[in-house]
Amino acid sequence: MTQTFAEVMERLGAPPPAFWENDLEMGLEHFFARSRRDGFMDEWVSRRTGRQVNVLCMNLGLDGAGSVRSKKDSLRSCDDELLPYLLVDQFAKYKSKIATIDFAKGVLADDVLETCRKNEEDFDTTALLFAIYHNSWSDLRLVFHLDKIHKSGFARMKLKDMVRRPRRNFEEFLQPETVKEILDAFDKAKGDGRTSEFKNVVIHNGHHLVFIRRAERPDLVLRAGGVVHGYRPEWIILDFADGAKRVNISSVSVSIPLEIANRLASGYFGRSCEYENESKVTYAKQLERFLDILRKQKTGELLLVEVVVLNSPLEGSPKIKITDPDSHPIGDAIGHFEKAVGGILSEIENIESIKVYYRKKRVSLIFEKVEGADDEYVVRYSDHRLNAMERRSFEDHLRDVHGIPVLSTEKRFKR
DNA sequence: CGAGACCGGGTAACTAGCCT
DNA sequence: AGGCTAGTTACCCGGTCTCG
């Protein structure tokens, strides 16, 4: 008797197909048939790392003693029990390591964590996800969501007007039914025939993260038998902080997530509320001082590795870029250029962007001129280059060491 | 000889510039 | 103004190398 995939999963107490396909966005169409091919499972088991094998043995209650090879042999006889782990392995692809480790540290027992540890700071993420799956499979959905906050940039926004904090706190307000109602009302008002799907509210580091999936632009997929028309999904993450007085927004579209955030805030505060892009002023003098320090820096936390300058002192005043792709500091090179040709960093207005080297990553900074003010700028940086923890320490570093408030290059507008 | 470290290529996310 | 393309960068996978 042959069982369907859904039946096999049910017999194992594993998640149903809809969980994998809809919640984790994994394509299952050919997975089951492929996994049943001769030798497929054997080959998959062979490719497991020692750490993954150890976690699998723990999860399946197999003898954890002996060589990795002998444990792989006993795994090969398990068959169906391994099926969900094939999917977890597939799920682990392209998931942020930092998101997985961070989450695992919160839910896994110490000895399990140690089994997955590669060295002081590194873990086998697939092994961690095997353990997380076994511990509580619905957590994979959380990992799927948390993964997103490390990979995408966020627009920093704050409430336009001062509002009194309501009696009940924001957390109580953010009930799924309430959020769904507000999303429905928004979709109706928008009238573009697309629906906003409420996916999750997660409390993370004191922030309230609201995850929404919405159809964005029309798209199509090719399948055997023809084309299927639909929409490309977009993930909207509203990261509320400070009792909803501030929100960080990650999304593809520009105005829709802002409107949704406005509606949620209006619902919570009980009056019409709007968020606006946060802007923090830095004066030209501060930036000049910052650049002076930066270009002298030969080693340290923050190194200058690229400058792009408009109206250069070269003939015809073209745009120039001085960059070191290997991320060695370019302070001396700039000094050499200025001595030989002329000044380039003295006019902040002419600086299109710079790149600094921070925690082994190249981070762009732009100095955005404040409309109508002569020497006022908003300093913005490409936050998606850094993960969520690194962003915080980068912002702290620039504020504490250089007195410069930095914001993300991401912004959201009403249309 | 097998398990784990190392490295090259691929993938994803974002930016800037061009075109409609 | 919006969409598409090419360029940039980090991270991840999988094959190869190395060490016990």
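Chain A is the first sequence line, chain B the second, and so forth, proteins listed ahead of strands; every chain is numbered from 1.
- A close approach under 4.0 Å does not occur between any side-chain nitrogen or oxygen of A:Lys355 and OP1 or OP2 of C:dT8.
- You'll find the ring centres of A:Tyr377 and A:Phe367 outside the 6.0 Å limit.
- Not one side-chain nitrogen or oxygen of A:Arg385 sits closer than 4.0 Å to the OP1 or OP2 atom of C:dT9.
- For an aromatic pair to be called close, the ring centres must be under 6.0 Å apart, and A:Tyr85 with A:Trp44 fails this.
- Proximity of A:Ser382 to the phosphate of C:dT9: no side-chain N or O atom is located under 4.0 Å from OP1 or OP2.
- Looking only at distances, no side-chain donor or acceptor of A:Asp122 sits under 3.5 Å from a matching main-chain atom of A:Lys118.
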Indicate every side-chain donor-acceptor pair of residues 325-335 of chain A with a distance under 3.5 Å to a residue at least two apart or in another chain.
{"residue": "A:Ser327", "atom": "OG", "partner": "A:Arg362", "partner atom": "NH1", "Å": "2.8"}
{"residue": "A:Asp332", "atom": "OD1", "partner": "A:Lys298", "partner atom": "NZ", "Å": "3.2"}

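- OP1 or OP2 of B:dA5 sits under 4.0 Å from a side-chain N or O of A:Arg51.
- Side-chain N/O atoms of A:Lys95 include none lying less than 4.0 angstrom from OP1 or OP2 on C:dC11.
- Both A:Arg232 and A:Lys361 lie near DNA chain C, and the one whose nearest nucleotide falls closer to the 5' end is A:Arg232.
- Residue contacts shown for A:Lys319 are limited to sugar-phosphate atoms, with no base heavy atom under 4.0 Å away.
- Of the residues in residues 143-157 of chain A, none lies under 4.0 Å from DNA chain C by heavy-atom distance.
- One distance of note links CD of A:Glu338 with CG of A:Leu345; it measures 5.5 Å at 0.5 Å rounding.
- Along DNA chain B, the nucleotide nearest A:Lys118 and the nucleotide nearest A:Tyr94 are compared for position; the residue whose nucleotide lies closer to the 5' end is A:Lys118.
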